[in-house]
Asker: 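Pasting a structure here, questions to come.
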Amino acid sequence: QQKLLLAQLHQAQKMESLGALAGGVAHDMNNVLGAILGLASAHIKDQPPGSKVQKAFGTIIKAAERGGNMLKGLLSFARQSSAEERDLDLNTILREEVRLLERTTLSKVRLSMDLDPGLWLVRADAGALTHAFMNLCVNAVDAMPENGTLTLRTRNRDRDWVEVQVEDTGTGMPPEVLARALDPFFTTKEVGKGTGLGLSIVYSTVKAQKGKLELESEPGRGTCVTMHFPAIQGASAPIEASGAYETMPWLGSLNVLLVDDDELIRSSMQGMLEALDHQTTLATSGEEALAKVEAGLRPDVIILDMNMPGLGGAGTLPRLRALLPKVPVLLSTGRADQAAQNLIKNHPFVTLLSKPFGLDELQAHLDPFIG
Ligand code: ADP
Ligand code: MG
C-alpha cells in the first residue's frame, strides 16, 4: 500500500501580494472590456445576419465575456468581490451545486453523495463557497477522463467543525504537482482549459472562512480535498437563495444621466444607450452630475460609476439622493466590495450594475424603469 501524499500549505503571504495586484489589474481591465463589450453589442444588431462583420462582432463579444469571467475569478481570488456572510447548511450548497453541474460536467462520472443529515451550520459566504466547491468538482471531473466516481461528503467533527470532502478516483497528482497545486496560475492543463486559479481560489476562500484545507493525492488512485469550517452550534436549517431578476417588456425611452470618469466607458455606454433608444446626458464626475441636476436636469435613471476621483460614487450618491429622492440609480462597478454593498443597503432605489456588461444586461437593468 502506497503512502498518501500530503500538501503543506504555507503560502499566505504569496497569496496576499498577488491578490492585491490582481485586484488592481482587474479594475482597469473591467473598463477596457466594458468598452469592447459595450460597443460590439451595440453595433452587432445593425449588421446583416450571417455577414462577416456580424460574425466578427459575435466573436469579439464572446472574447470579452470570457475575459470578464476570468476577471471575476481573479477578483474572487483577490477576495475583493462581495462577501455576504450568512448561516449556511453546506449540504444545501452541495445539492444545488450538483444540480448546476448535473447536465453538463457530471454526466461523465458516477456521483456519490454522502451527506450528514444532522450537519451543523457554518457562517460563511454562500457565493464564495459555491464557487470553491465548483472548482473542486471541475478538477475532479477533469482528472477522470474515462470514468470514475466523484464523492461529496459532509460530517460533523470534534464538536465545533464541519468537514467537507471532495474525492475523486482519477489520475491523482505526482508529488511535484501536488507541491505546486495551490499556487496561483499553476496548471498542468492545456491552454484554454486551465487557468491555474481554481485551487488558489479554494485556498483563499477557505482561509477567509477561518477554515482549514488539506490535499491528499496518490498517482493512479485519486485525490481527496478536505475542508474544515468552524461550525455554529445549533440546529441545521437550509437557507434560501436570493430571487432572480425579473425584466419587463420594452415600453419606451428613458433620459439617462451617465456619470463616469473613463472616456472609454462614456462613449461605449452612450453607444449602447442609443442602441436601446434612450437619451443620454454625460457627466465626467460626480461634481459635474450634481451641478447638472442643480441646474434643473431631471433624469429618469442615473448610472453612477463607483470609482472616480473627487467625490466618487460614494460621495456623490447621498448628495444626488438629497436632490432627487426617488430617481433609480445603477451603481456601476467592477468590484462589488463592502463599500458598494453598504451604499446599496443604505440608499433606496439603488441597484448594482457589475462591469463589464453587454447590451442585454444593460437593457435588463433599465427596462424595469420604463413607463
Ligand atoms: P486548473 O484546474 O485551472 O489547472 P487548479 O488550481 O484548479 O487549476 O489546479 C491546479 C493543478 O492541480 C491542475 O492543473 C492539476 O494538475 C492539479 N489538480 C487539481 N485538482 C486535481 C485533481 N482532483 N486530480 C488531479 N490533479 C488535480
Ligand atoms: Mg481547476
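Atoms within each ligand, like the ligands themselves, are counted from 1 in listed order.
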Asker: Could an N or O of ligand 1 be found under 3.5 Å from any N or O of Ser200, whether backbone or side chain?
Answerer: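 Such a contact does not occur with ligand 1.
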Asker: State whether the shortest distance between N or O atoms of Gly172 and N or O atoms of ligand 1 falls below 3.5 angstrom.
Answerer: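 For ligand 1, there is no N or O atom that lies under 3.5 Å from one belonging to Gly172.
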Asker: So, with waters excluded, how many protein N/O/S atoms does the Mg ion (ligand 2) have closer than 2.8 Å?
Answerer: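 Protein heteroatoms (N, O, S) closer than 2.8 Å to the Mg ion (ligand 2) number 1.
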Asker: Taking only residues two or more places apart in sequence or in another chain, which ones pass side-chain hydrogen bond (donor to acceptor under 3.5 Å, both in side chains) with Arg180?
Answerer: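 In terms of side-chain hydrogen bond (donor to acceptor under 3.5 Å, both in side chains), with neighbours along the sequence ignored, Arg180 is linked to no residue.
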Asker: How far is atom 17 (C) of ligand 1 from its nearest protein heavy atom, and which residue and atom is that?
Answerer: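 It is Met173 SD, 3.6 Å.
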Asker: Classify the contact between Ala143 and ligand 1 as side chain, backbone, both or neither, using a heavy-atom distance cut-off of under 4.0 Å.
Answerer: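 For Ala143, only side-chain atoms sit under 4.0 Å from ligand 1.
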Asker: Got a sec, which hydrophobics cluster with Leu39, joining ILVMFWY side chains under 4.5 Å apart, including via others?
Answerer: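 So far as hydrophobic clustering goes, Leu39 is joined with none.
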Asker: Compute the shortest N/O to N/O distance between Thr188 and ligand 1 and return yes if it is under 3.5 Å, no if not.
Answerer: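 Such a contact does occur with ligand 1.
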Asker: Using distance alone, decide if ligand 1 has a nitrogen or oxygen within less than 3.5 Å of any nitrogen or oxygen in Thr223.
Answerer: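 N/O-N/O distance below 3.5 Å exists for this pair.
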Asker: Under 3.5 Å, N or O to N or O, is Leu199 touching ligand 1 that way?
Answerer: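 Among all N and O atoms of Leu199, at least one is under 3.5 Å from an N or O of ligand 1.
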Asker: I need the full list of salt bridge (Lys or Arg N to Asp or Glu O under 4.0 Å) pairs touching residues 137-149, with sequence neighbours left out, sorted by first then second residue.
Answerer: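 Every salt bridge (Lys or Arg N to Asp or Glu O under 4.0 Å) pair that includes a residue of residues 137-149, provided the two are not neighbours, is Asp142-Lys189, Asp142-Lys193.
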Asker: So, does Val177 sit close enough to ligand 1 that a heavy atom of it is under 4.0 Å from the ligand?
Answerer: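 It does; at least one heavy atom falls under 4.0 Å.
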